[in-house]
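To start, the structure under review is shown below, and the notes come after it.
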Amino acid sequence: MIRLGLCCKLFNEPIKFHTTTARYLSGLSSAERENKISGLCLHNAKSLLSAIRFCHQQKIGSFRINSRILPLKTHPDFGYDIMQIDQASEIVGFFEQCAVLAKQYNIRLTFHPDQFVLLSSPNIEITRKSIEELEYQAEICELVGADVINIHGGGAYGNKKSALNRVTAVLKNLSDSVRTRLTFENDDRIYCPKDLLPFCEENDVPFVYDVHHHRCLEDGLFIEEVTDRAIKTWDREPLFHISSPKYGWDNGKTNLHHDYINFIDFPDYWKALNITVEIEAKAKELAVVKMQKYLKQYIGV
DNA sequence: AGCGGTCAAGTTGAT
DNA sequence: ATCAACTTGACCGCT
């Protein structure tokens with residue numbers, strides 16, 4: 001059984017997540033600021049509940065939560081504690097409803113921190129801020145029952161091996177809440193499966209296999225081989241990613257994502273597995289539904 | 001309602 | 001030197 005995942009937002013459905021900027025907040029009074037943030041967080045918590053209901057209706061088995069669900073939560077000037085917000089109890093209440101519904105409907109929830117969150121940097125300040133961001137996302141994971149916080153290897157800094165050694169050292173300092181959810185994904189420019197699989201195997205961290213990135217950054221390993229080894233790094237349902245190139249495979253920029261998934265890009269080898277596959281496509285739920293229909297010929301998705 | 005300028009953050013490679 | 005790309009363009013303020 002394959003569980004397909006929707007990423008962050010919806011294309012056609014009137015379910016929106018709102019955000020703001022530090023620049024805008026800087027022009028507000030302290031009271032206005034708190035009011036603005038509180039309203040956004042409450043709206044986003046409600047939207048997440050709506051998104052979970054929508055996924056259930058559409059038989060979509062997984063939803064990735066946008067990192068900005070609590071806007072500017074870890075910003076150095078405008079960051080805040082969720083419990084200090086005006087409508088904290090309401091917001092937390094909605095998150096707890098999300099947890100109940102997601103469990104009842106068997107919808108897996110995940111996070112994917114953005115490119116600024118990396119544990120390989122030689123700059124300890126960057127590492128510190130990254131950990132802070134991971135802790136924030138883990139806090140919401142606890143509330144809503146999400147089980148994955150997935151990041152990339154980050155930069156190479158001239159030596160991928162020593163960069164990954166820095167990550168290994170950082171792993172020991174993470175809270176259980178982060179450590180039990182943290183996963184690493186191969187990217188399309190620096191860290192291929194051949195780099196990350198040994199790291200994940202040695203450090204007991206699940207490996208998120210993005211087959212599109214693997215096709216953009218080949219390393220000599222076959223899809224079947226990487227798939228098997230990736231699955232072994234998981235103590236729960238493995239998580240994979242798929243997307244298709246916007247302009248095809250022979251037209252320059254293969255890393256740009258298409259509106260939909262080209263069916264031939266979905267590995268045959270995956271079709272008999274019990275895995276979650278997050279659909280990274282611009283048309284969002286439309287792409288997930290389309291893929292569902294395609295896979296139904298093979299298996300009961 | 002529509003549009004242009006703007007937005008916290010790191011790193012890399014293309015131009 | 002600048003910029004786009006990355007998991008996601010959205011938001012504000014002006015016309």
Side-chain angles (χ1 to χ4, degrees), chain A residues 5-11 15-28 32 36-37 39-40 43-44 47-48 51 62-80 109-134 136-137 146 148-160 163 166-167 183-192 208-210 212-213 216-217 239-243 245-247 252-259 276-285 287-288:
Chain A
L6 172 59
C7 296
C8 301
K9 57 186 293 197
L10 295 98
F11 189 81
I15 299 172
K16 302 289 178 194
F17 294 90
H18 294 170
T19 186
T20 188
T21 62
R23 169 179 276 265
Y24 178 71
L25 289 187
S26 68
L28 301 181
E32 288 168 330
K36 173 77 177 173
I37 288 288
L40 289 172
H43 171 88
N44 288 348
S47 290
L48 180 58
S62 176
F63 185 72
R64 180 190 299 173
I65 302 171
N66 191 312
S67 299
R68 296 194 222 175
I69 188 158
L70 302 183
L72 297 169
K73 169 76 167 68
T74 59
H75 188 278
D77 299 326
F78 302 109
Y80 51 90
L109 299 175
T110 71
F111 275 85
H112 196 349
D114 60 32
Q115 63 271 30
F116 310 108
V117 177
L118 41 104
L119 302 180
S120 55
S121 176
N123 181 336
I124 58 167
E125 187 56 19
I126 290 169
T127 305
R128 187 193 65 74
K129 284 190 286 190
S130 294
I131 293 174
E132 187 184 359
E133 178 73 17
L134 291 173
Y136 140 60
Q137 299 202 10
V148 168
I149 302 176
N150 178 43
I151 63 174
H152 292 288
Y157 313 93
N159 186 333
K160 283 191 266 192
R166 285 194 292 274
V167 179
T183 66
F184 284 83
E185 174 195 348
N186 60 302
D187 64 77
D188 59 352
R189 297 191 312 161
I190 303 164
Y191 289 95
C192 53
V208 172
Y209 180 29
D210 186 316
H212 178 74
H213 287 161
C216 292
L217 181 66
L239 178 65
F240 293 173
H241 288 179
I242 183 103
S243 46
K246 186 172 183 178
Y247 305 113
K253 289 176 172 284
T254 54
N255 55 328
L256 295 183
H257 290 172
H258 199 278
D259 291 347
T276 300
V277 180
E278 291 186 332
I279 304 292
E280 295 183 334
K282 300 291 185 188
K284 300 297 165 187
E285 76 276 13
V288 177

State which of C:dT8, B:dT6, C:dC6 makes the closest approach to the side chain of A:Lys284.
C:dT8

Does B:dA9 have its OP1 or OP2 closer than 4.0 Å to a side-chain nitrogen or oxygen of A:Lys73?
no

In this structure, CD1 of A:Ile151 is separated from CG of A:Leu119 (nearest 0.5 Å) by 4.0 Å

Please confirm whether the shortest side-chain N or O distance from A:Thr74 to OP1 or OP2 of B:dA8 is below 4.0 Å.
no

Judged by each residue's nearest nucleotide on DNA chain C, which is more toward the 5′ side, A:Phe17 or A:Asp114?
A:Asp114

Picking from C:dA5, B:dA8, C:dC11, the nucleotide nearest the side-chain atoms of A:Arg189 would be C:dA5

Spatial distance of atom NE2 (A:His152) from atom OH (A:Tyr191) [nearest 0.5 Å]
12.5 Å

Of all the nucleotides listed (C:dT8, B:dG13, B:dA8), which has the minimum atom distance to the side chain of A:Leu72?
B:dA8

Can you find a donor-acceptor pair, distance only, under 3.5 Å between A:Arg64 side chain and C:dT7 base?
no

Nearest-angstrom distance, P atom, B:dG10 to C:dC11
24 Å

When all nucleic acid strands are considered with a 4.0 Å heavy-atom cut-off, which category describes A:His18: base, sugar-phosphate, or nothing?
sugar-phosphate

Ring-plane angle category for A:His43 and A:His18, please: parallel below 30°, perpendicular beyond 60°, tilted otherwise.
parallel

Just checking A:Tyr157: base, sugar-phosphate only, or nothing, at a heavy-atom cut-off of under 4.0 Å?
sugar-phosphate

Rounded to whole Å, CZ of A:Phe11 lies from P of C:dT8 at a distance of 13 Å

Side-chain donor/acceptor of A:Asp259 to backbone N/O of A:Ala283, under 3.5 Å:
no

To the nearest Å, how far apart are A:Asp187 CG and C:dT7 P?
8 Å

When the distance from OH of A:Tyr24 to C1' of B:dA8 is rounded to whole Å, what number comes out?
18 Å

As an exercise, state the distance from CD of A:Glu280 to SG of A:Cys7, rounded to the nearest 0.5 Å.
5.0 Å

Could you check how far CG of A:Leu6 sits from C1' of C:dT7, rounded to whole Å?
12 Å

Would you mind checking if A:Arg128 and A:Glu132 are paired as a salt bridge, meaning a charged N to carboxylate O distance below 4.0 Å?
yes

Nearest-Å distance, CZ (A:Arg68) to C1' (C:dC6)?
12 Å

Is there a donor-acceptor pair under 3.5 Å between the side chain of A:Tyr136 and the backbone N or O of A:Ser67?
yes

Rounded to the nearest 0.5 Å, what separates atom CG in A:Leu28 from atom OG1 in A:Thr20?
7.5 Å

In whole angstroms, how far is the C1' atom of C:dC6 from the CG atom of A:Asn186?
13 Å

Stem regions touching DNA chain B, defined by at least 3 consecutive Watson-Crick or wobble G-U pairs below 3.5 angstrom:
B:1-7 with C:9-15, B:10-15 with C:1-6

Respond yes when some side-chain nitrogen or oxygen of A:His152 is under 4.0 Å from OP1 or OP2 of C:dT7, and no when none is.
yes

Distance between the C1' atoms of B:dG5 and C:dC6, in whole angstroms?
22 Å

How many whole angstroms separate atom CZ of A:Arg166 from atom P of B:dT11?
10 Å

Selection from C:dC11, C:dT7, B:dA8 that lies nearest to any side-chain heavy atom of A:Glu280:
C:dT7

Gap in Å between the two P atoms, one belonging to C:dT8 and one to B:dG2, rounded
25 Å

Side-chain H-bond candidate by donor/acceptor type, A:Glu185 with A:His241, under 3.5 Å
yes

Give a yes/no answer on whether the side chain of A:His213 brings an N or O atom under 4.0 Å of OP1 or OP2 in C:dT7.
yes

Is A:Phe116 stacked on the base of B:dG10 when the test is centres under 5.5 angstrom and planes under 30 degrees?
no

Taking atom CG of A:Asp114 and atom OG of A:Ser130, what is their separation to the nearest 0.5 Å?
9.0 Å

Rounding to an integer number of angstrom, what distance separates C:dT7 and B:dG4 when you compare their P atoms?
28 Å

Just the rounded figure in Å: distance from C1' of B:dG10 to CD1 of A:Ile151.
13 Å

Calculate, to the nearest 0.5 Å, the distance between atoms CG and CD1 belonging to A:Leu48 and A:Ile65 respectively.
4.5 Å

Which residues within residues 122-131 of chain A lie with some heavy atom under 4.0 Å of an atom in DNA chain C?
none

